[in-house]
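Sequence lines set the chain letters: A, B, ... in the order given, protein chains first and strands last, and positions in each chain run from 1. Remember, predicted model here, so these are calculated numbers, not experimental data.
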Amino acid sequence: GAVVSQHPSRVICKSGTSVKIECRSLDFQATTMFWYRQFPKQSLMLMATSNEGSKATYEQGVEKDKFLINHASLTLSTLTVTSAHPEDSSFYICSARKTGLNEKLFFGSGTQLSVL
Amino acid sequence: GDSVTQMEGPVTLSEEAFLTINCTYTATGYPSLFWYVQYPGEGLQLLLKATKADDKGSNKGFEATYRKETTSFHLEKGSVQVSDSAVYFCALSDKKGYSTLTFGKGTMLLVSP
């Protein structure tokens, strides 16, 4: 079946640094990818929709300058958390939409970000 | 706005026990309903779905029926296995194309031999 690879699975960084998370669709092309954030014991919250070749669409309340999204190819979207702070510590998950007769959404395994 | 409420976990069962994970929702219109499963170290996978009232989604022995009158989509399995241990997410989408998936908080299921 289709696979989405998300890297890294875990990252620890110092406050003020930037962290890049990659999301790759391994065996299909994805014009649309999604980025979610999950706090402990909370729901996955959609942060933004990443569109290949165009600007990402951010959900209300998500800072686009803080969470930079780049979808430069049909198989790769990146989320960069800029100038990270401890409150950015969270679990980030991406998903990629496979279009066709049976549209499906495939998820990455997530990235646990800890900002010290 | 849309919301999904599912029972808090962890749910701890012995192998071959009956499983129910409750899920209720609030949405405008007629959403599609989903159950996703996340095994340790893996991404979320679609387990089953139902797109209209009274539809029953089923997969791998799991079932859930779209109940419009009670706005529920409870997940059931008659006999769980250790390999079913995972986190289960109930979700809804009120628009085509997945871009508006609303998730519940997830329920961890732990099955012991």
Side-chain angles (χ1 to χ4, degrees), chain A residues 1-10 21-28 30-51 56-61 71 90-112, chain B residues 1-11 21-27 31-51 55 57-60 73 86-110:
Chain A
V3 176
V4 170
S5 172
Q6 186 173 343
H7 180 81
S9 58
R10 182 180 295 273
I21 303 170
E22 294 187 348
C23 182
R24 294 179 185 272
S25 56
L26 295 185
D27 58 355
F28 67 99
T31 54
T32 305
M33 293 186 176
F34 304 98
W35 287 97
Y36 304 84
R37 182 174 182 177
Q38 185 183 28
F39 291 105
K41 299 187 179 181
Q42 300 295 317
S43 306
L44 278 76
M45 300 298 296
L46 180 66
M47 297 175 66
T49 301
S50 171
N51 303 297
T57 304
Y58 290 82
E59 295 300 302
Q60 193 172 11
H71 194 156
S90 187
F91 192 62
Y92 294 87
I93 303 176
C94 73
S95 67
R97 184 161 71 195
K98 183 177 182 181
T99 55
L101 273 177
N102 277 315
E103 180 177 299
K104 283 188 178 179
L105 202 59
F106 294 93
F107 286 80
S109 55
T111 298
Q112 181 64 54
Chain B
D2 297 344
S3 67
V4 175
T5 302
Q6 58 183 109
M7 59 192 291
E8 283 199 34
V11 173
I21 300 178
N22 290 337
C23 171
T24 56
Y25 67 90
T26 303
S32 295
L33 302 174
F34 308 84
W35 276 102
Y36 283 85
V37 58
Q38 184 176 29
Y39 298 104
E42 299 183 15
L44 277 73
Q45 303 172 28
L46 179 64
L47 180 61
L48 53 85
K49 69 177 182 181
T51 57
D55 265 3
S58 60
N59 185 24
K60 300 181 181 179
F73 193 55
V87 180
Y88 293 81
F89 291 89
C90 185
L92 70 82
S93 175
D94 63 359
K95 291 180 184 175
K96 193 177 178 181
Y98 290 101
S99 61
T100 56
L101 270 178
T102 300
F103 287 90
K105 296 180 181 180
T107 302
M108 179 176 287
L109 170 65
L110 299 171

Q: Go through the atoms of Gln6(B) and report whether side chain, backbone, both or neither lie under 4.5 Å from a heavy atom of chain A.
A: neither
**Q.** Partner residues of Tyr88(B) under the ring-ring contact (aromatic ring centres under 6.0 Å, His included) criterion, sequence neighbours left out
**A.** Phe62(B)
Q. OH/Tyr36(A) to CG/Leu101(B) distance, rounded to the nearest 0.5 angstrom?
A. 5.0 Å
Q) Crowded around Met7(B) CE? As in, over 12 foreign heavy atoms under 6.0 Å? A) yes
Q) What part of Phe89(B) is in contact with chain A, defined as an atom under 4.5 angstrom from a non-hydrogen atom: side chain, backbone, both or neither? A) side chain
**Q.** Between OG on residue Ser109(A) and CD on residue Glu42(B), distance to nearest 0.5 Å
**A.** 8.5 Å
**Q.** Heavy-atom contact with chain B under 4.5 Å, split by part of Gln6(A)
**A.** neither
Q: Please report the shortest heavy-atom distance between Gly104(B) and Ser43(A), naming the atom on each side.
A: C-OG, 3.4 Å
Q) Going from CZ on Phe103(B) to CD1 on Ile93(A), what distance comes out if it is rounded to the nearest 0.5 angstrom? A) 8.0 Å
Q) Between Lys105(B) and Gln38(A), which heavy-atom pair has the shortest distance, and what is it? A) O-NE2, 4.0 Å
Q) Which of the residues Gly110(A), Gly108(A), Ser95(A) is involved in the greatest number of heavy-atom pairs with chain B at under 4.5 angstrom? A) Gly108(A)
